[in-house]
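All ligand and atom numbering here is 1-based and tracks the order in the structure. Each residue takes its place number in the sequence, starting with 1.
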Amino acid sequence: MAQNNKIPVLMYHEVIGEMELADKLSYRMTPGYFMPIEKFETQVKLLADRDYKGIDFSSLPEKGDDGKYGIITFDDGWAGNFSRALPVLKKYGFKAVFFITVGFIGSEGYMGWGEVNKLLAEGMSIQSHGMTHRPLQTLGAKDILYELQESKRIIEKQTGQKVSAFSFPHGSFDDKILDSAARSGYRVVCSSELRPSYISSFNGRFSVIGRITMNSEIEHHTFIKLINFDRKVVFKEQFIKSSKNILKRTIGINNYRKLYRKYFNIETPDEIQ
Ligand SMILES: [Zn+2]
């Protein structure tokens, strides 16, 4: 693979069945993050039809490999990751990376450790999305280390596998947090910023990987443009995201979340992004 080939890294959350949009758990997260199973399967098929292979962070191609690669990731540890996404991934021979929030595992709507370990047995990668899903930038140094290190320790204990990647809850991080992640033994950290990765992005040193946020409103033609990092579509998505980030910085992340909950009629304080 040419060193400058772009690798799309996709960020999914939950995959749902057809009639579950009004499910009682759906208030917890941005509505668009609930991906209908049919759409998810079509997206994986679009990748497979274009000869993409779904890999994880540890199975990156060697120099000289001219294949096409994509990395599918899931955040939070939702139950449908196991019941719905796994059969699709297996059908197309795709690996994926599951970033789980340790404090959610075993609670209603999320996977249990049994399911997490079954994902692992199917060749999937289990990595960390922290303990409590709090935005790290709102925490003090001690709590940041707790989110990074305790989640890693528990996942490693429960799965018997090394954890080396972390996905930031709410996409929240800064230079100090990156430094703490590197010192906590992580090699790859994932944000929700839209920018391409390359084989050279995963060079064994500490890497910050951007991802393409998948939501149920993305049409198939836009999906194809996104995985190709089409300049126009990428610019549009980045513009929307940076506007949100400016708002977050201006009014503070907690006020932003309040506003966000109001906008989406999310009534509970424990919404997930
Ligand atoms: Zn999350």
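Looking at E150, E156, Q149 one by one, the single match for side-chain hydrogen bond (donor to acceptor under 3.5 Å, both in side chains) with K152 turns out to be E156.
The Zn ion (ligand 1) has an N, O or S atom of H133 closer than 2.8 Å. Coordination check, D76 versus the Zn ion (ligand 1): passed, since an N/O/S atom of the residue sits under 2.8 Å. Metal site remark for the Zn ion (ligand 1): H129 contributes an N, O or S atom at a distance under 2.8 Å.
Residues satisfying the salt bridge (charged side-chain N to carboxylate O under 4.0 Å, His left out) test with R187, not counting sequence neighbours, are none. Remark: E115 engages no residue in a salt bridge (charged side-chain N to carboxylate O under 4.0 Å, His left out) (not counting sequence neighbours).
A salt bridge links K91 to E41: at least one charged side-chain nitrogen sits closer than 4.0 Å to a carboxylate oxygen.
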